[in-house]
Amino acid sequence: MLSITTGCNQSNTSQRTAFEQSQQAQEAASTPSAQPEKTKVVTTFLPMYLFTKAVAGNVADVEILVPPGSEVHEYQATPENVKAIATAKVLVKNGLGLEQFLQDTVKNAQNPKLTEIDASKGIKPLNEISPVEQTAKEEKDHDYEAGNPHVWLDPVLAKQQVTNIRDGLIAADPGNKASYESNATAYIKELENLNSEYQQTLQKTPTCTFVTFHDAFPYLAQRYKLKQVAVVEIPEDQLSPADVQNAVNAVKKYKVKALFSEPGVDNKLLKSLSQDLKLTLRPLDSLENGETDPQHYFKAMKANLETLEAACK
């Protein structure tokens with residue numbers, strides 16, 4: 001009502017001012033606001049990427065150093081890896097001596113502002129490894145001075161890794177604390193549900209014994225009262241009849257119920273073993289290869305549970 005009773009010049013001035021304010025508001029709305037630069041996080045290999053991406057969500061940029069499917073135990077760093085670490089704010093590693101390429105790579109990156117998150121901090125490693133049965137003149141399987149590093153395959157220990165990653169990201173990027181906490185809480189809840197599913201399913205198959213060809217599953221076995229009784233080392237080619245017989249004898253020695261390989265492995269000796277022993281060769285995924293969606297962890301682990309249930313009956 002005041003605008004009706006004021007003078008014409010004042011009215012025009014008010015109208016112009018209102019129009020200018022409206023125009024300014026529209027221009028501000030149409031111009032993208034400057035977004036704060038996201039924290040750059042690099043992770044070593046697939047499980048660390050999955051956990052970190054789950055916690056970071058969209059508030060940080062997460063990269064992976066070791067391409068999924070590459071052998072992390074024997075990985076050789078690339079110039080791109082050095083560059084990625086040199087420009088990162090945070091580096092997430094599994095620890096326990098797994099990423100042997102990392103020390104020199106970080107040194108070469110010369111990034112004094114880099115924050116390193118050890119996802120296995122506070123986790124007591126298993127130092128007693130399963131017996132290793134060599135079937136040919138092969139190099140000894142990976143030697144872990146700090147203990148077996150495959151802790152991510154135990155959902156309970158995976159929770160600890162996610163918690164460590166969450167706390168490390170909050171310390172490095174406190175402005176996004178609420179997002180990190182919320183995302184971690186949701187992912188940890190899924191891990192708790194997965195653990196419950198494993199417990200309920202595998203309590204029906206107590207003391208199931210199995211042999212693997214990769215010493216990746218002692219934490220999983222210990223958690224759910226299974227027994228990884230041996231790791232059978234095998235060559236991939238140039239097999240002699242003696243190699244095959246040695247492998248058969250090694251597996252028979254432990255009277256196992258299950259024989260596990262890894263997804264995508266096509267090895268003639270493994271197939272021969274399974275036929276000679278009348279055991280079905282089944283895939284058990286160590287999650288060092290696969291999709292980069294954080295939900296892939298649950299997809300692969302539930303497939304592992306189905307495999308264990310079927311093999312241990």
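No more than 12 heavy atoms of other residues, nucleotides or ligands shown are found within 6.0 angstrom of NZ on Lys121. A 6.0 Å sphere centred on CD of Gln199 holds more than 12 heavy atoms belonging to other residues, nucleotides or ligands.
The shortest non-hydrogen separation linking Leu65 to Pro67 is O-CD, 3.4 Å. The shortest heavy-atom contact between Val55 and Ala184 is CG2-CB, 4.1 Å. Residues Ala84 and Lys40 share a closest heavy-atom pair of O-NZ, 3.4 Å. The heavy-atom pair separating Ala216 from Leu153 by the smallest distance is O-CD1, 3.2 Å. The heavy-atom pair separating Gln228 from Ala221 by the smallest distance is N-CB, 4.1 Å. Contact record, Pro125 with Gly147: CB-CA, 4.0 Å, taken as the closest heavy-atom pair.
Every pair tested for side chain to side chain donor-acceptor pair (under 3.5 Å) that includes a residue from residues 51-70 fails, sequence neighbours excluded, so the list is empty. Residue pairs meeting the salt bridge (charged side-chain N to carboxylate O under 4.0 Å, His left out) criterion with at least one partner in residues 297-313, sequence neighbours excluded, are Glu291-Lys299. Under the salt bridge (charged side-chain N to carboxylate O under 4.0 Å, His left out) criterion, no residue pair touches residues 194-208, with sequence neighbours excluded. Among residues at least two apart or in separate chains, disulfide bond (SG atoms under 2.5 Å apart) pairs with a member in residues 282-313 are Cys208-Cys312. Pairs passing the disulfide bond (SG atoms under 2.5 Å apart) check and including a residue from residues 150-188, sequence neighbours excluded, do not occur.
Note that CG of Asn164 and CD of Gln160 are 4.5 Å apart. Values are rounded to the nearest 0.5 Å. In this structure, Leu305 CG and Gln200 CD are separated by 10.0 Å, a value rounded to the nearest 0.5 Å. Put simply, CD1 on Ile64 and OG1 on Thr44 are 7.5 Å apart, with the number rounded to the nearest 0.5 Å. Between the CG atom in Asp154 and the CG atom in Leu220 there is a gap of 7.0 Å [rounded to 0.5 Å]. Summarising the geometry, atom OG1 belonging to Thr43 is positioned 9.5 Å from atom CD belonging to Glu99; distances are rounded to the nearest 0.5 Å. Note that the OG1 atom of Thr280 and the NZ atom of Lys257 stand 14.0 Å from one another [nearest 0.5 Å].
Not counting sequence neighbours, the partners of Thr39 by the side-chain hydrogen bond (donor to acceptor under 3.5 Å, both in side chains) test are Asp173. Every residue two or more places apart in sequence or in another chain that forms a ring-ring contact (aromatic ring centres under 6.0 Å, His included) with Phe45 is listed here: Trp152. Not counting sequence neighbours, the partners of Phe210 by the ring-ring contact (aromatic ring centres under 6.0 Å, His included) test are Phe260. The side-chain hydrogen bond (donor to acceptor under 3.5 Å, both in side chains) search around Asn81 returns Tyr75, Thr78, not counting sequence neighbours. For Tyr219, there are no ring-ring contact (aromatic ring centres under 6.0 Å, His included) partners at least two apart in sequence or on another chain.
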Table please: side-chain donor-acceptor pairs of residues 187-194 below 3.5 Å, with sequence neighbours left out.
unit_1 : atom_1 : unit_2 : atom_2 : d
Tyr187 : OH     : Pro294 : O      : 2.7
Glu190 : OE1    : Gln295 : NE2    : 3.3
Glu190 : OE2    : Gln295 : NE2    : 3.0
Glu192 : OE2    : Lys159 : NZ     : 3.2
Asn193 : ND2    : Lys189 : O      : 3.4

Side chains of residues 88-98: which donor-acceptor partners sit under 3.5 Å, not counting sequence neighbours?
unit_1 : atom_1 : unit_2 : atom_2 : d
Lys89  : NZ     : Ala172 : O      : 2.8
Lys93  : NZ     : Glu116 : OE1    : 3.4
Asn94  : OD1    : Gln161 : NE2    : 2.9
Asn94  : ND2    : Pro149 : O      : 3.1

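Criterion: ILVMFWY side-chain heavy atoms under 4.5 Å apart, direct or through other members. Under it, Leu308 and Tyr224 are part of a common hydrophobic cluster. No continuous path of ILVMFWY side-chain contacts below 4.5 Å connects Ile85 to Val82, so the two sit in separate hydrophobic clusters. One hydrophobic cluster holds both Leu46 and Phe101 under the rule that ILVMFWY side chains link at heavy-atom gaps under 4.5 Å. Ile165 and Val156 are not part of a single hydrophobic cluster, where members link through side-chain heavy atoms under 4.5 Å apart. Both Ile170 and Ile117 are members of a single hydrophobic cluster when ILVMFWY side chains are connected at heavy-atom separations under 4.5 Å.
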Checklist entry - Could you go step by step and tell me if His150 and Glu288 meet the side chain to side chain contact (heavy atoms under 4.5 Å, CB included) rule? => result CA-CA 10 Å; His150 299 83; Glu288 294 172 39; 3.8 Å; yes
Next on the checklist: Is there a side chain to side chain contact (heavy atoms under 4.5 Å, CB included) between Ser286 and His214? Walk through the geometry before answering.
Outcome noted: CA-CA 9 Å; Ser286 66; His214 179 189; 4.1 Å; yes
Next on the checklist: Show, in sequence, the C-alpha distance, side-chain angles and deciding distance for Arg223 and Leu202, and conclude whether the side chain to side chain contact (heavy atoms under 4.5 Å, CB included) test is met.
Outcome noted: CA-CA 10 Å; Arg223 178 68 58 188; Leu202 296 180; over 6 Å; no
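Between the side chains of Glu262 and Asn289, no donor N or O sits under 3.5 Å from an acceptor N or O.
Thr201 places no side-chain N or O within donor-acceptor distance of the main-chain N or O of Tyr198, the cut-off being under 3.5 Å. When atom types are taken as modelled, the side chain of Asn304 and the backbone of Asp285 share a donor-acceptor pair closer than 3.5 angstrom.
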